[in-house]
Structures are given as structure tokens and as C-alpha cells.
Amino acid sequence: MEAGRTNLFGYSRAQLENFVGELDGRPYRARQIMKWAYHQGVVDFAAMTDLSKSFRAALAERSGFWAPEVVTRLESRDGTIKWLVRVENGNCVETVLIPDRGRYTLCVSSQVGCMLDCSFCSTGKQGFNGNLSAADIVGQVWLADRELAASGQSVTNVVLMGMGEPLLNFDAVVTATRLMMDDLAFGISKRRVTVSTAGVVPGIYELAKVSDVSLAISLHAPNDELRDELVPINRKYPIAELLDACRHYLGGLGERRSLTVEYTLLKGVNDQMVHASELAQLLKGVKCKINLIPFNPFPASGYERPDARAVRAFQTHLMNSGYATMLRTTRGDDINAACGQLVGEVSDRTRRQERYLARVRAQEVA
Ligand code: SAH
């Protein structure tokens, strides 16, 4: 980032038109700039040869396209790639690209760490150090797209399932998802851009007013007593309110859209048949598909992954109750890139990281 200049990765098409219009009087020039940056991957104004020299100079004086800086890049034996990138506030977050039979799903971060501290998620243990800008979020997609462009591919799906709670960084997430779905930028179908929330209920109602992106919720428990323990924000917005918000959101989408319900299976905690039955009952009347995520371990988590038989039985029960139920296969765990393993480099402002590290050290000594 360059002091005083605007990072155009943070501008939706409308915002860029505004900016360009003020600079040049011809807002439609924004289209050309977007095609260069997002379709060609060209972000140096000097190379945008269908724009006049003076306009290019004016742009360069006031703005630029700056993606987050790649600090490290790790590639898993299954082809998953994880980047550690430095964002505008100086901290680092992780981005994960998951190739799967011609699909390229990118898992992007929306915050540095997370404020919510779900009991089984390692991101929460890092504490929190602020929101990403829209440009930081869009820049993650641009970087991955550049990597894929080399082999003639592009990002086909984006999930806001990296570090952070997207609905607590509302404006940046809305702007960034607009660009993901904009034909002049990444042109990804709205069915393939998914915002995942731990249950920020007011955020879901706000989102319904301004977006038709796909929605996923991190449910993880079929009743409030258990969910209060696993997903602490449930104490503020209990399950019934969360599901009401989801029904409202779905009501604003087309007939053929549905909600994704994420359910991380924790051995002996939420993986029993009684939980499966209760879950099937709870979701009656909610148009959804269920994603089961066997717990991905991290140091001193205090949880274990259920064995494959228990996972299968849970899935079968839900399928027999009529729910499309996918088992999310673990990807990139050899590079700690699986769900709930993203940690980045967060200079914590909550002291949660310090307490967590003390627990890890205590366990190593024991
Ligand atoms: N904060 C948002 C975005 C994160 S999505 C949300 O909660 O929805 C990442 C998903 O992985 C969430 O469903 C999260 O609960 C789940 N998860 C977190 N830690 C995990 C772990 N250790 N193993 C498996 N899934 C985990």
C-alpha cells in the first residue's frame, strides 16, 4: 500500500465509476480498468494501453492496485495451496486454494484473528487484531486467480470461511463479494460465493437487504445448551433466532437456492445419534444442505475427531431423514490448511493468544 493513494481493489464497480468520473469525466472508463486488472491481471496503469497517457498518469498519482504481500506459500501433497499474506494493517492472514476435480475453491479470510472464540477453532485462539479492508479480501482472490491463470484456470468458488467472522466486517465483505460476482471482475456465480457466519443474526438481516450471495451457518449443535458451550455467540443469538434469520434470508433468494449448515463433528461431544436425530428435527422446514466437518485437530484443543464409522453413521442418519448431507473431506491438513486450522500472524489485542500459548506449553511439559 502506498500512503495517500487509493487501493482500487477495494472499490466495487459503482465506486470505481465514481472515482474515475471525478478524475476524467468519463465513468465508463472504469470498465476498461476493471478488465485489465481482473481479466488480464494487469495492474500497472502504464500497461493499460487503451487509456490515454494523461489519464494513466492521473490514475497512478492517486491510486493503484495493491494485493496483499505473499509472505509464504505452502503446497500440500493433495494440491491444496496455503498462502500467508500481509494485509494493510501489517498483520498476516491465511488464504487457502482447494483444487477439486476441475473446481477451484478459494477460502478467504475476512479478519485478523476472530473475536468469537468458538471452543474448537484455532483461529479464535489467536485473538483478534482488526478487520481486513475490502481490498485485502479482493486481493486474496486476485492472487489466487493469478496463480491459476498460468495454467489457464481461474477461481470458480469463493467461501468466506478463512480467518474471521465475515458479518462482523460487514461493509468490506459486501463490497468484496460484489466484485467476486461482477462480470467485469471475477464473474463468479452468486451460488458459488458463500458467506459463512457463526450466527451474527443482525448481520444476516442486513445482508438480506443488500446482497444475494449464498449463506452458510456454523451450527455445530442441535440445542442451545450445547451450542452455548461450543459457539459462544449463541448466548446472544440463540438457535431459534438464528434459524428465523436464515429463513428470512432464504425468502429473499430464488426458489432453487438453499442454506448450507456446517456441523463440525467432535468426538463424544456432538456426534452421537441423539444429536443427529435432534438436528434432523431442528432443521425441518429449513431449505438446507448439511456439511459435516470431522474435527481438525490443533495443539491443546481438548477435542478429538470421531472415528470414520461414527461420522458415517451420523451422515447416514441425516440422509435417511431427507437431508442432502456432504462429508467435507479434509484437505491440506499436512500444511495446517484445513477448516479451523488457520492461524496467520496475529499480534493479539485481547490476550487470548497468550493464554492459549500458555496452555500449549503446559501440555508440552506434561
Ligand atoms: N467465522 C465464520 C467463518 C469460518 S468458517 C463461521 O464461523 O462460519 C470455518 C468453518 O470451520 C466453521 O464452520 C468453523 O466452525 C469450522 N471449524 C472451526 N474449527 C474447526 C476445526 N478445528 N475442525 C473442523 N472445523 C472447524
Side-chain angles (χ1 to χ4, degrees), residues 82 93-96 98 105-128 131-132 137 140 157-170 172-173 176-177 193-201 203-204 207 213-221 226-227 229-234 236-237 242 245-246 249 259-267 269-271 279 288-306 311 314 326-333 336-344 346 356:
K82 180 173 85 168
V93 300
E94 295 182 328
T95 308
V96 179
I98 307 142
T105 301
L106 189 71
C107 180
V108 302
S109 293
S110 58
Q111 296 186 306
V112 177
C114 190
M115 295 206 292
L116 297 185
D117 203 18
C118 298
S119 65
F120 51 89
C121 178
S122 63
T123 297
K125 310 300 167 224
Q126 309 308 308
F128 178 73
N131 281 328
L132 300 200
I137 301 171
Q140 294 172 64
N157 300 59
V158 179
V159 292
L160 279 100
M161 297 186 184
M163 297 169 67
E165 166 49 51
L167 294 183
L168 292 181
N169 185 9
F170 190 86
V173 162
T177 50
V193 177
T194 304
V195 170
S196 177
T197 180
V200 180
V201 165
I204 297 174
L207 192 65
V213 72
S214 298
L215 184 67
I217 59 164
S218 293
L219 192 59
H220 309 313
L226 185 52
R227 195 165 192 268
E229 184 192 314
L230 303 178
V231 184
I233 197 179
N234 194 67
K236 196 158 174 196
Y237 306 115
L242 174 58
C246 291
Y249 192 82
L259 176 75
T260 300
V261 172
E262 295 159 273
Y263 194 102
T264 294
L265 289 164
L266 306 161
K267 184 174 187 170
V269 176
N270 66 354
D271 66 338
L279 183 61
C288 65
K289 44 186 193 292
I290 302 172
N291 270 346
L292 298 177
I293 318 171
F295 174 67
N296 294 307
F298 57 91
S301 71
Y303 292 106
E304 285 173 67
R305 176 186 295 202
V311 171
F314 202 93
M326 303 287 295
L327 192 58
R328 203 182 282 168
T329 45
T330 301
R331 298 293 304 268
D333 55 342
N336 287 330
C339 304
Q341 293 185 321
L342 303 187
V343 292
V346 180
Y356 168 65

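One-based numbering, in listed order, for ligands and for the atoms of each. Owing to the predicted nature of the structure, the values given are computational and were not obtained by experimental measurement. What you see below is based on every heavy atom in this structure, not just the backbone, and it leaves out hydrogens, waters and symmetry mates.
F128 is linked by a ring-ring contact (aromatic ring centres under 6.0 Å, His included) to nothing, counting only residues two or more places apart in sequence or in another chain.
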Show the short N or O contacts, below 3.5 Å, that ligand 1 makes with protein N or O atoms; if there are none, say 'none'.
residue  : atom   : partner : partner atom : Å
ligand 1 : 1 (N)  : G164    : O            : 3.0
ligand 1 : 1 (N)  : E165    : OE1          : 3.4
ligand 1 : 7 (O)  : S218    : OG           : 3.2
ligand 1 : 8 (O)  : S196    : OG           : 2.6
ligand 1 : 8 (O)  : T197    : N            : 3.4
ligand 1 : 8 (O)  : S218    : OG           : 2.6
ligand 1 : 13 (O) : S218    : OG           : 2.7
ligand 1 : 13 (O) : H220    : NE2          : 3.4
ligand 1 : 13 (O) : E262    : OE2          : 3.2
ligand 1 : 15 (O) : H220    : NE2          : 2.6
ligand 1 : 19 (N) : F120    : O            : 3.3
ligand 1 : 22 (N) : F120    : O            : 2.9
ligand 1 : 22 (N) : N296    : O            : 2.9
ligand 1 : 23 (N) : N296    : N            : 2.9
ligand 1 : 23 (N) : C339    : O            : 3.4
ligand 1 : 25 (N) : T264    : OG1          : 3.0

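Side-chain N/O atoms of S110 and E165 include no donor and acceptor closer than 3.5 Å.
Using modelled atom types, one side-chain atom of R227 and one backbone atom of L219 make a donor-acceptor pair closer than 3.5 Å. Checked by atom type and distance alone, the side chain of S122 pairs as donor or acceptor with a backbone atom of G340 at under 3.5 Å. Side-chain atoms of T260 never come within 3.5 Å of backbone atoms of A216 as a donor-acceptor pair (strictly under, hydrogens ignored).
Of the residues N131, V195, L207, the one that meets the side-chain contact (heavy atoms from CB on, under 4.5 Å) test with F170 is L207.
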